[in-house]
Amino acid sequence: MTLDPQRTKAAGAAIVRYRDVVKRFGALQVLNGVTLSVHAGEVVCLIGPSGSGKSTLLRCTNGLEMLDGGAIEFEGTLLPRDERGLRAMRARMGMVFQSFELFPHLTAEGNVAEGPRSVLGMSTAAARARAAALLAKVGLADKLASYPSALSGGQQQRVAIARALAMEPDVMLFDEPTSALDPETIGEVLSVMKTLADEGMTMVVVTHEMSFARRVADWVAVFDAGRIIEQGPPRQIFDAPEVERTRDFLSHLGWSG
Amino acid sequence: MTLDWSVVWQHRDALAAATGTTFLLTVATMVIAVPCGIIVAVLRLYGYAPVRALATGYVELFRNLPLILVVYWAFYVLPILTGTGLSPLATGLAALALNVTAYNAETFRAGINSIRRGQLEAAMALGMSRAQALRRVVLPQALRRITPVLASTWVSLFKDTSLVSVIAVTELAYVAMQVRAQTFRVLEMLTAMAAIYWLLGYPQAKLVDWIQRRYAVTE
C-alpha cells in the first residue's frame, strides 16, 4: 500500500497486515478480498452496514475464525494455523466483545486476573495486583469484588477492557464495544478507549459510533458486502467521501459532517 | 392385627449400620460418578471420532438399561471379567457408578452446551487452550447451572441404592427385609424403612436446594 501523507503513524511498523482476506460461511462470501494494514500506535476504525464483514475480519485477526483465502500477518509473521501457535499469538492481542463475555462466576478482579494467571503463569498475588491497577485505570477501583451481574453494561465493558489489557497486548481488537450498551453508559466506555488511544495503544475498532471514529481514528475503512470500498483518514471519509456508497451509508446514519 | 413396633427398636443397631452403608454407597457412587461423568461428557463433546462414539455408546447403553439388571449383570459378569470375586458392596458400587456416571455425563453435556459460545471465545481470546477454557471458564459455570439436576440425581440415587439389596449388600433395604423375614413383622419393618428413607432423604433434598440458591449464578 502506498504511504498516505495524511497517515502519519504509518511510518511505524505494521502490526497487523491483511492481504486479500477471503472468508466464507458455507455458500455465503463474507469477506471478499480485504487488504488493510494497521500500524503501531494507530487507531483503525472499521465502519459500514451490518453484515458487511467488519466483525468477521476482526475475528479472523486472532483466529477465532479461519481464513479461506489471503493472509493475515501479525508483527511480520503469518497467523499460525496450529493451536499452540495461535494461542501464543492470541495472548498478544486483546479482544473486547459486543456482549462483554465477562466470566459470570468470577468477580471483576477475578476476571481481569484470570488471563495473567492461567496463560502467563503469573502468581495469584501479582495477577491480583495487576487486576487492581487496571480496574483503577478504567475507573472501577471500587468494584474489585463485584460480580458482573451486579455491574451496569458500561461497567462490565470497562472490566472487559481491563481483562484484555491485563495480557499487555500489542494490539486491541474491539468488536462493536458499545452496541449492546444503554446510551447513558456508552460515553464512559468510549472515554476509556480514547484514553487508551492517547496512550499509544494500537487499536482496531469495529464501530457504529461515527463521532468516535471521526474524533479518535487515524484511519477509517468503510466496508460493504465483504469489501473495503473506501479507506482513508477520518477527514476524508466523513467530510469528503469519494465513493457514492460511503456517502449513502453515512447519510443513512444521519451523519451530517 | 396387632402391631409390635418394638421389633424396630430391637434391631436398631443393625438398622443404623445398614443406614450407614446406604449413605456410604450413595457418597461413594457420586464421588466416582461426578468426575467420571465430566470425563465422559468431555470425551463425547470434544474427543476424536472413535472416542466420541465409544462414550456415546456407553452412555446410551447404561442410561437405557434397568438399574436392577445392571446390578445382576455386575454380580455375575464382573467376577468373570476381573477373574476375582468382588465383595457384594464393591459389586453394588460398580453397578451404581456405571449407571449414574451415564446419567451424569448427559447432565454435564447439557450443562456445557448451555454455556454460550462467546464464553469459550473470550477465554480462547486471552490465549487459553481449549482444555484451560473448559476447566477455568466453561465447567465452573456448567456445574453451577446443573446443580439442581445433580441434586435430584443424588436423591434418586439415595433411594436407588436399595436395589443392590438383591445381591445381598447389607444396606438399609436388605437389612430391613432380613429382619422382616426373621420376625414376620412385615408392616412394622416396611413402615420403619419408609420412615428412615424419607426422614433422611427429605433433608438432603432441602440441603441441595439451599446449596443451589447459595451458588446460583445470575447473568
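Below, chains carry the letters A, B, ... as their sequence lines are ordered, and counting in each starts from 1.
In this structure, B:Phe23 has its ring center under 6.0 Å from that of B:Phe158.
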Do A:Arg158 and A:Lys143 pass the side-chain contact (heavy atoms from CB on, under 4.5 Å) test, and can you show the C-alpha distance, the side-chain angles, and the key distance before you say yes or no? CA-CA 11 Å; A:Arg158 284 187 281 155; A:Lys143 300 290 184 189; over 6 Å; no
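Ionic pairing of A:Glu73 and A:Arg19 is present here: one or more N-O contacts between side-chain nitrogen and carboxylate oxygen are shorter than 4.0 angstrom. In this structure, B:Arg44 pairs ionically with B:Glu106, as a charged nitrogen and a carboxylate oxygen lie closer than 4.0 Å.
Partner of A:Cys45 under the side-chain contact (heavy atoms from CB on, under 4.5 Å) criterion, out of A:Val206, A:Val216, A:Val205: A:Val205 alone.
Residues of residues 127-137 of chain B lying under 4.5 angstrom from chain A, judged on non-hydrogen atoms, are B:Gly127, B:Met128, B:Ser129, B:Gln132, B:Arg136, B:Val137 by number.
Note on A:Gln156, A:Arg59, A:Arg84: by heavy-atom pairs under 4.5 Å with chain B, the leading option is A:Arg59. In terms of heavy-atom pairs under 4.5 angstrom with chain B, the leader among A:Arg87, A:Arg92, A:Met89, A:Glu83 is A:Arg87.
In B:Arg12, the CZ atom is crowded: over 12 heavy atoms of neighbouring residues, nucleotides or ligands sit closer than 6.0 Å. Within a 6.0 Å sphere centred on OH of B:Tyr202, other residues, nucleotides and ligands contribute 12 heavy atoms or fewer.
The closest side-chain donor-acceptor pair between B:Trp154 and B:Gln204 falls under 3.5 angstrom.
Both the backbone and the side chain of A:Arg163 come within less than 4.5 Å of a heavy atom in chain B. Heavy atoms of A:Leu102 lying under 4.5 Å from chain B belong exclusively to its backbone. Only the side chain of A:Phe97 comes within contact range of chain B, with at least one heavy atom under 4.5 Å from a heavy atom of that chain. Residue contact with chain B, scored on non-hydrogen atoms closer than 4.5 Å, involves the backbone of A:Met93 exclusively.
Using cut-offs of 30° and 60° on the angle between ring planes, the pair B:Phe62 and B:Tyr58 is tilted.
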